[in-house]
Amino acid sequence: MPECEILVHVRGRDPVADAMRKELAALRKAGESFDARQFFAALEARLGAAEGVRRVLNATGVVLHTNLGRAPLAGPAIAAMTEVARGYCSLEMDLESGRRGDRFGGATALLRELTGCETALVVNNGAAAVLLALSAVASGGEAIVSRGELVEIGGGFRIPEVVAQGGARLVEVGTTNRTRLPDYEHAIGPDARVILRVHPSNYRILGFTEAPEPARLAALARERGLVSVEDLGSGALLDLARVGLPGERGLRQAVADGFDLVAASGDKLLGGPQAGLLLGREDAIARCARHPLMRALRPDKATLAALEATLRLHRDPELALREVPALRMMAEGAESLSRRAQTLLTLLPEAARAEAVAGDSLVGGGALPLARLPTTLVALHPENMTAEELAARLRRSRPPLVARLERGRLLLDPRTLAEGEIGDAARAVAEALA
Ligand SMILES: *Cc1c(COP(=O)(O)O)cnc(C)c1O
């Protein structure tokens with residue numbers, strides 16, 4: 001059978017033979033008849049289960065779950081990505097003239113329109129954007145950063161180390177909780193190159209705190225001939241008040257405040273593919289574009305296609321809210337969530353001893369750690385199994401279901417399950433308990 005030949009070719013003889021034995025044994029045990037198509041589908045799934053990146057059902061309620069691949073993409077972004085993946089594309093060709101074109105032309109035009117920036121660049125992720133910015137404009141000099149913003153974002157990305165990697169010397173100013181404009185002013189010496197503002201990402205300092213207005217900081221840098229850089233992290237284009245998350249600084253705000261370079265992440269609050277955005281002034285962006293690191297950090301055609309498609313949706317906030325899954329999930333209302341939790345509840349087997357409880361979803365991705373998105377959770381209390389055991393079984397189901405474990409309870413949040421996935425989740429629980 002050709003299917004079999006391909007499988008052996010791609011996966012290797014021994015793993016395929018082993019999976020076949022197991023699948024046949026499972027068929028025999030279930031007393032089911034042999035259907036070639038079903039058999040090969042099951043075989044693929046069984047072989048897939050042993051390796052690498054694959055689709056999972058996210059029932060954790062963490063919308064931008066870094067361990068689960070962050071933002072699910074919008075339909076148009078998936079279509080654009082697939083289209084260019086299948087064949088060739090105009091990545092670096094100007095089709096008007098037939099000459100070499102600008103890889104970032106499409107994304108730059110959209111980012112200008114959407115944020116008011118002079119120009120832009122795209123790299124592989126937010127971390128790359130920050131590293132490139134510092135390498136290009138701070139190297140050989142000093143970068144001034146508030147002590148309240150010397151954060152670790154996760155994955156070992158620590159601002160003091162990134163500044164060092166960028167070839168700059170870190171000058172800390174202020175204190176953990178309070179930093180004022182004169183603290184920055186007094187720290188500007190002959191070697192100062194950059195004032196860096198960093199979004200606190202995954203933690204907050206509350207209470208007796210102070211920080212200068214961002215626009216004042218950008219203006220100070222300009223007056224003293226320094227480059228102002230803001231590591232915004234998330235990069236919201238939509239006013240997040242619309243999804244019940246007020247007070248988050250977006251891309252447009254950072255550009256309007258006058259920062260020369262603004263670094264942001266494509267797969268956080270923008271809801272696009274993993275990418276890093278650098279927006280800002282012509283001269284500062286040109287220095288980044290010329291830097292040798294740029295070649296090492298540039299994204300591929302599929303990322304750019306998906307990013308451009310996501311940005312196009314953001315031209316219309318209503319459309320973005322409806323079509324960009326991460327935004328739609330954040331915006332889902334209490335009634336809809338409660339209804340979907342009830343649907344899940346009715347599909348679950350008796351043995352799950354499930355009940356609906358009030359709770360919160362999280363934004364995730366190191367963004368808005370204190371934001372609570374009220375939801376209805378489905379809590380499972382199986383009789384003959386601990387929550388941990390059930391969670392482990394669910395992670396082994398096909399597709400794997402990742403649930404939330406909290407104080408000995410197993411919780412399923414409908415917010416991060418797509419409409420068609422509620423049934424899959426219920427099936428996974430039924431099988432895990434059988
Ligand atoms: C997330 C984050 C980054 C890194 O972005 P990635 O796209 O995850 O690489 C950088 N800075 C801040 C403040 C962040 O929150």
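Computed from a predicted structure; not experimentally measured. Order of appearance sets the numbers: ligands from 1, and atoms from 1 within every ligand.
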Identify whether the distance between the nearest side-chain nitrogen and carboxylate oxygen of [X] and [Y] falls below 4.0 Å.
X    : Y    : answer
R55  : E421 : yes
E318 : R242 : yes
E332 : R415 : no

Pairs of nitrogen or oxygen atoms closer than 3.5 Å, one from [X] and one from ligand 1: do any exist?
X    : result
G233 : no
A127 : yes
S234 : no

| field | Any donor-acceptor N or O pair under 3.5 Å, side chains E149, H199 | value |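 Not at all, the side chains of E149 and H199 share no donor-acceptor pair under 3.5 Å.
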
| message | Is a donor from one side chain sitting under 3.5 angstrom from an acceptor on the other, for N177 and T209? | response |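 Their side chains do not contain a donor-acceptor pair, so the 3.5 Å distance test is not met.
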
| task | Would you mind running through ligand 1 and noting each atom that sits below 4.0 Å from a heavy atom of H199? | result |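 Counting atoms of ligand 1 from 1, those under 4.0 Å from H199 are 13 (C).
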
| query | Which atoms of ligand 1 are found less than 4.0 Å from any heavy atom of N125? | reply |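 Numbered from 1, ligand 1 contributes 7 (O), 9 (O).
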
| Quick one: does R70 get a heavy atom under 4.0 Å from ligand 1? |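 Under 4.0 Å: yes for R70.
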
| message | At under 4.0 Å between heavy atoms, is it the side chain or the backbone of K268 that contacts ligand 1, or both, or neither? | response |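 It is the side chain that touches ligand 1; the backbone stays farther off.
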
| task | Go through the steps for D260 and D283 under the test side-chain contact (heavy atoms from CB on, under 4.5 Å), then give the verdict. | result | CA-CA 9 Å; D260 297 310; D283 51 348; 5.7 Å; no

| query | What's the shortest distance from atom 6 (P) of ligand 1 to any protein heavy atom, and which residue and atom give it? | reply |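 That would be G126 N, 3.4 Å.
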
